Amino acid sequence: MTGTEAGSAGRTMEQPGKTLPREWPGTVSEREAELQAVIAMASHDLRSPLTSVIARVDLLRADYSTTLGEEFEREIAAIERGLHRMTRMTQELLDFATAGHTLDMTVVSLRSLADDMIADHGVDIDGALPDVLGDAGLLRHVLDNLIGNAVKYTPAGRTPRITVSARAQDDGTVRVEVADRGIGIPAGDQNRVFDLFHRCANGDGRPGTGLGLAICKRIIERHGGHIGVDENPGGGSRFWFTVPAW
């Protein structure tokens, strides 16, 4: 996401009696910061050779697909699937490292974030969405991941039905929910779905690295919040997270 996109949802402002905190509970240790730097560097350095290999595979297809036939095409397609999976993983490893960086705390308009999702995915908004306190870019990443998963895990042939809602809670947080009518999450996976590299048993070969929800958990915990998933009455899943209210 670009700085312009993040800035459209996040703004630095003050209201009477309200100020942005100078410190945040998600401070990372020196050792963790070093580990994040290594992950980020490795992910970045892998991108160049991956891009080069992908380009050469494209050239092979262009030069030989018509002469070497269907078996060649199948093999090239298998190579491309592996390369694209590696590309996704390096990007998500980079996202995981970035999620540990210092938070840029601003007042974030959940409505502005959700409006972007409406344009990208066709999402319904249930009620008013209040402003929250957080890192606009990272919170957009969380919403985009949860909504993207809802689209991805909608059964074939069905139109995704996704609803975003939010409500203020008595403890000074806002609970944000993303509900869908997808294939749901098996009961045995619900406690592990936010673990690194975990893939649900009913994934049916859908693409993914098992890092997306772990990144979301890391981001929300950096904000001092919680994240979870429940069954959606009538079918599907209801993901939720909490962040500080403004």
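Everything numeric here is computed off the predicted structure, so don't read it as measured data.
A distance-only check finds a donor-acceptor pair linking the side chain of Thr242 to the backbone of His226 [under 3.5 Å]. Without hydrogens or angle criteria, Asn232 side chain to Asp180 main chain gives a donor-acceptor distance under 3.5 Å. Between the His223 side chain and the Leu133 main chain, no donor and acceptor come within less than 3.5 Å of each other. Judged by distance alone, the side chain of Asp135 and the main-chain N or O of Asp104 form a donor-acceptor pair under 3.5 Å.
Across all non-hydrogen atoms, the minimal contact from Leu139 to Val243 is CD2-CG1, 3.9 Å. Heavy atoms only, all atoms of each residue included: Leu113 and Ala136 are closest at CD2-O, 4.3 Å. When all heavy atoms are compared, the tightest approach of Asn145 to Gly212 is ND2-CA, 3.4 Å. The heavy-atom pair separating Leu129 from Val164 by the smallest distance is CD2-O, 4.3 Å. Here the closest non-hydrogen pair linking Ala166 and Pro130 is CB-CD, 3.8 Å. The minimum heavy-atom distance linking Leu213 with Phe194 is given by the pair O-CD2, 3.5 Å.
For the pair Pro244 and Thr173, the minimum side-chain heavy-atom distance is 4.5 Å or more. Counting only heavy atoms from C-beta outward, the side chains of Val108 and Arg140 never approach each other to under 4.5 Å. Considering only heavy atoms from C-beta on, Val174 comes within 4.5 Å of Leu110 through its side chain. The side-chain heavy atoms of Phe241 and Leu146, taken from C-beta on, include a pair separated by under 4.5 Å. Looking only at side-chain heavy atoms (C-beta outward), Lys152 and Asn149 come within less than 4.5 Å of each other.
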For the pair Val142 and Phe239, evaluate side chain to side chain contact (heavy atoms under 4.5 Å, CB included) and give the outcome as yes or no after the intermediate values. CA-CA 11 Å; Val142 172; Phe239 282 86; over 6 Å; no
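Val132 and Trp240 fall into different hydrophobic clusters, where Ile, Leu, Val, Met, Phe, Trp and Tyr are joined by side-chain heavy atoms under 4.5 Å apart, directly or via other members.
Among residues two or more places apart in sequence or in another chain, the salt bridge (charged side-chain N to carboxylate O under 4.0 Å, His left out) test is passed with Arg175 by Glu177, Asp230. Legend: residues meeting salt bridge (charged side-chain N to carboxylate O under 4.0 Å, His left out) with Glu80, ordered by chain and number and at least two apart, are Arg61. Taking Thr159 as the reference, nothing meets the side chain to side chain donor-acceptor pair (under 3.5 Å) condition, with sequence neighbours excluded.
Between the SG atom in Cys216 and the CG atom in Leu143 there is a gap of 8.5 Å [rounded to 0.5 Å]. Of the inter-residue distances, the one linking Leu138 atom CG with Arg218 atom CZ reads 10.5 Å to the nearest 0.5 angstrom. Note that CG of Leu50 and OG1 of Thr87 are 4.5 Å apart. Values are rounded to the nearest 0.5 Å. Atom CD1 of residue Ile79 and atom CD1 of residue Ile54 lie 12.0 Å apart, to the nearest 0.5 angstrom. Atoms OG1 and CD1, from Thr163 and Ile147 in turn, are 10.0 Å apart once rounded to the nearest 0.5 Å.
Other residues, nucleotides and ligands contribute only 12 or fewer heavy atoms inside 6.0 Å of the CD atom of Glu231. No more than 12 heavy atoms of other residues, nucleotides or ligands sit less than 6.0 Å from atom CD of Glu70.
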